[in-house]
Amino acid sequence: MPSEFEIIARYFTRGTSHTVLGVGDDGALIAPTPGQELVISTDLLVEGTHFLADADPEALGWKTLAVNISDLAAMGAQPRWALLAAVLPAPTSDWIEAFARGFFACADSHDIDLIGGDTTRGPRAFCVTILGEVPTGKALRRDGAQVGDSIWVSGKPGRAALGLAHLQGRTRLTEPALTECLAALHRPQPRVKLGLALRGIANAAIDVSDGLLADLGHILEQSGRAARLQIPNLPVAGLERDCLLAGGDDYELLFTATPGSDSGITALAGKLKLPLTRIGEIVAGPPGELVLCDDGGSVITPATRGYDHFRQ
Ligand code: ADP
Ligand code: MG
């Protein structure tokens, strides 16, 4: 088993591309770009809650960073720097090497420098703090939705939850859905390019980590608005519908924008080769109220809105 300092030196120390002083001192030094605000976010991944003890370490390394990048994407920010606090039981070199490979593959795909962290022994858990930049005043926030806005979602939400249901034996997926859903669960692709493109277009945005309805609920509460949803091709019922509406772990972006932007957003979907689906509109009403209709316009009451760590 490698020592703490071997772990840091061998697996988590690399060259940086835009950092004054990275791993190795008591603190890192960064020089933010003039005219930009720093966006900072942190997320925990805990064994037994976010991943299983036998999780593939390379996929886990990827996901540990990807879920943090997703928060910055939802702010319309360019991710730039990350810190990694790792709690490890008695790791083998192979395990850490694979975890670091996945982590840095994700870092490289978004040009992020790992600039520090902490390493300690204990029940396995990871905490990433991520920093990014956004031009002053241009960040996408949860509190800007306006009455009349179209509500949009990227990608195909529900796939990660379906993949998990398959692994837990609650459903049986077949190819090609199986590969797609497991990739969504294990290797989420944070929508950074979409977030950047939505600066100046979206009035509100959030990433879907707890479930479509739950995360839309956060926008509605913080914006003091209500919503009417009519999701095209909503699965008739059952697990597929539950996963789409309330499945967590997708890391797609949910956003609102004035209907004048509808055609521009459709064009953006083509440019990014990423489905963007209009699923409803913001309406006047009690803050947080959400009316969901099927394709025919009849009101549906979903079983749950999504995931809450202290409620399930
Ligand atoms: P200190 O005792 O001053 O907190 P550490 O020995 O914990 O310093 O860390 C030494 C250096 O290694 C610091 O620059 C710290 O940011 C970095 N570091 C520690 N753990 C990690 C990690 N898992 N990933 C990246 N950098 C790390
Ligand atoms: Mg330390």
Side-chain angles (χ1 to χ4, degrees), residues 45 47-67 69-70 73 98-99 101-103 105-106 109 151-194 207-216 229-254 266 269-270 272-280 292-296 298 300-307 312:
L45 276 87
E47 184 173 296
T49 302
H50 301 93
F51 61 89
L52 299 173
D54 63 356
D56 172 63
E58 187 171 351
L60 185 59
W62 173 283
K63 189 165 177 174
T64 297
L65 184 57
V67 301
I69 296 175
S70 176
F99 178 91
R101 201 181 325 122
F103 186 95
C106 190
S109 68
I151 303 172
W152 296 83
V153 70
S154 67
K156 298 181 192 164
R159 291 188 307 174
L162 268 180
L164 182 63
H166 175 92
L167 294 181
Q168 294 175 333
R170 290 184 284 124
T171 189
R172 244 199 100 62
L173 299 174
T174 50
E175 296 297 350
L178 177 60
T179 302
E180 252 192 44
C181 292
L182 292 182
L185 179 66
H186 293 314
R187 287 212 163 224
Q189 304 292 328
R191 303 304 187 190
V192 174
K193 281 190 187 136
L194 175 60
D207 67 323
V208 182
S209 54
D210 295 332
L212 186 67
L213 300 184
D215 289 315
L216 176 57
L229 287 189
Q230 194 156 357
I231 301 174
N233 309 313
L234 184 67
V236 182
L239 183 71
E240 245 189 277
R241 183 197 272 179
D242 293 347
C243 287
L244 170 66
L245 296 176
D249 252 7
D250 275 313
Y251 307 102
E252 295 295 347
L253 294 190
L254 180 66
T266 305
L272 297 177
K273 297 190 177 62
L274 175 67
L276 297 176
T277 309
R278 188 185 180 287
I279 58 169
L292 175 67
C293 301
D294 65 17
D295 283 340
S298 306
I300 300 173
T301 310
T304 168
R305 275 194 179 192
Y307 193 76
Q312 342 210 333

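Just so you know, these numbers come straight off a predicted model, no measurement behind them.
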Asker: Which residues satisfy the side chain to side chain contact (heavy atoms under 4.5 Å, CB included) test with Q189, sequence neighbours excluded?
Answerer: W62, R187, R191
Asker: Test of understanding: with side chain to side chain donor-acceptor pair (under 3.5 Å), list the residues that count as partners of D207, not counting sequence neighbours.
Answerer: S70
Asker: Applying side chain to side chain contact (heavy atoms under 4.5 Å, CB included), can you list everything that pairs with A184, at least two apart in sequence or on another chain?
Answerer: R159, A160
Asker: Would you say S154's side chain and E252's backbone share a donor-acceptor pair under 3.5 angstrom?
Answerer: no
Asker: Restricting to side chain to side chain contact (heavy atoms under 4.5 Å, CB included), what partner residues turn up for P235, sequence neighbours left out?
Answerer: E240, R241, L244
Asker: Check residues 167-174 and write down every donor-acceptor pair under 3.5 Å in which the side-chain atom is one partner and the other belongs to a residue at least two apart or another chain.
Answerer:
from, atom 1, to, atom 2, distance (Å)
Q168, OE1, R170, NE, 3.0
Q168, OE1, R170, NH2, 2.7

Asker: If I take atom NE2 from residue H166 and atom CG from residue L182, how far apart are they, to the nearest 0.5 angstrom?
Answerer: 6.0 Å
Asker: Taking only residues two or more places apart in sequence, or in another chain, which ones meet E58 in a side chain to side chain donor-acceptor pair (under 3.5 Å)?
Answerer: R101
Asker: First locate atom CG of L45, then atom OG1 of T64, and finally report the distance between them rounded to the nearest 0.5 Å.
Answerer: 4.5 Å
Asker: Which of these passes side-chain contact (heavy atoms from CB on, under 4.5 Å) with V208: D215, L213, D249?
Answerer: D215
Asker: Is it the case that the side chain of K63 and the backbone of G102 share a donor-acceptor pair, with hydrogens and angles ignored and the cut-off at 3.5 Å?
Answerer: no
Asker: Set out, in order, the CA-CA distance, both residues' side-chain angles and the distance that settles side chain to side chain contact (heavy atoms under 4.5 Å, CB included) for L292 and L245, then state yes or no.
Answerer: CA-CA 10 Å; L292 175 67; L245 296 176; 3.7 Å; yes
Asker: Who pairs with D242 by side chain to side chain donor-acceptor pair (under 3.5 Å), at least two apart in sequence or on another chain?
Answerer: none
Asker: Taking all atoms of both residues into account, what is the closest heavy-atom pair of D250 and G158, and its distance?
Answerer: OD2-N, 2.6 Å
Asker: At their closest point, which heavy atom of P188 faces which heavy atom of A66, and how far apart are they?
Answerer: O-CB, 3.7 Å
Asker: Quick one: pull up CG in L164 and CG in L185 and give me the separation to the nearest 0.5 Å.
Answerer: 5.5 Å
Asker: How long is the straight-line distance from CG of D56 back to CZ of F99, given to the nearest 0.5 Å?
Answerer: 11.5 Å
Asker: Nearest heavy-atom pair of L162 and C243: which atoms, and what distance?
Answerer: N-SG, 3.8 Å
Asker: For F103, check ring-ring contact (aromatic ring centres under 6.0 Å, His included) against everything at least two apart and list the hits.
Answerer: none
Asker: Test side chain to side chain contact (heavy atoms under 4.5 Å, CB included) on T266 and W152; report intermediate values, then the result.
Answerer: CA-CA 10 Å; T266 305; W152 296 83; 3.9 Å; yes
Asker: Can you name the residues that form a side chain to side chain contact (heavy atoms under 4.5 Å, CB included) with P232, not counting sequence neighbours?
Answerer: T277, I279
Asker: Could you report the tightest heavy-atom contact between I69 and C106, atom names first, then the distance?
Answerer: CD1-SG, 3.7 Å
Asker: Could you pull out the closest heavy-atom pair between K193 and L272, with the gap in Å?
Answerer: CB-CD2, 4.0 Å
Asker: Among all residues two or more places apart in sequence or in another chain, which pass the salt bridge (charged side-chain N to carboxylate O under 4.0 Å, His left out) test with K156?
Answerer: E180
Asker: List the residues meeting side chain to side chain donor-acceptor pair (under 3.5 Å) with T179, not counting sequence neighbours, and say none if there are none.
Answerer: E175
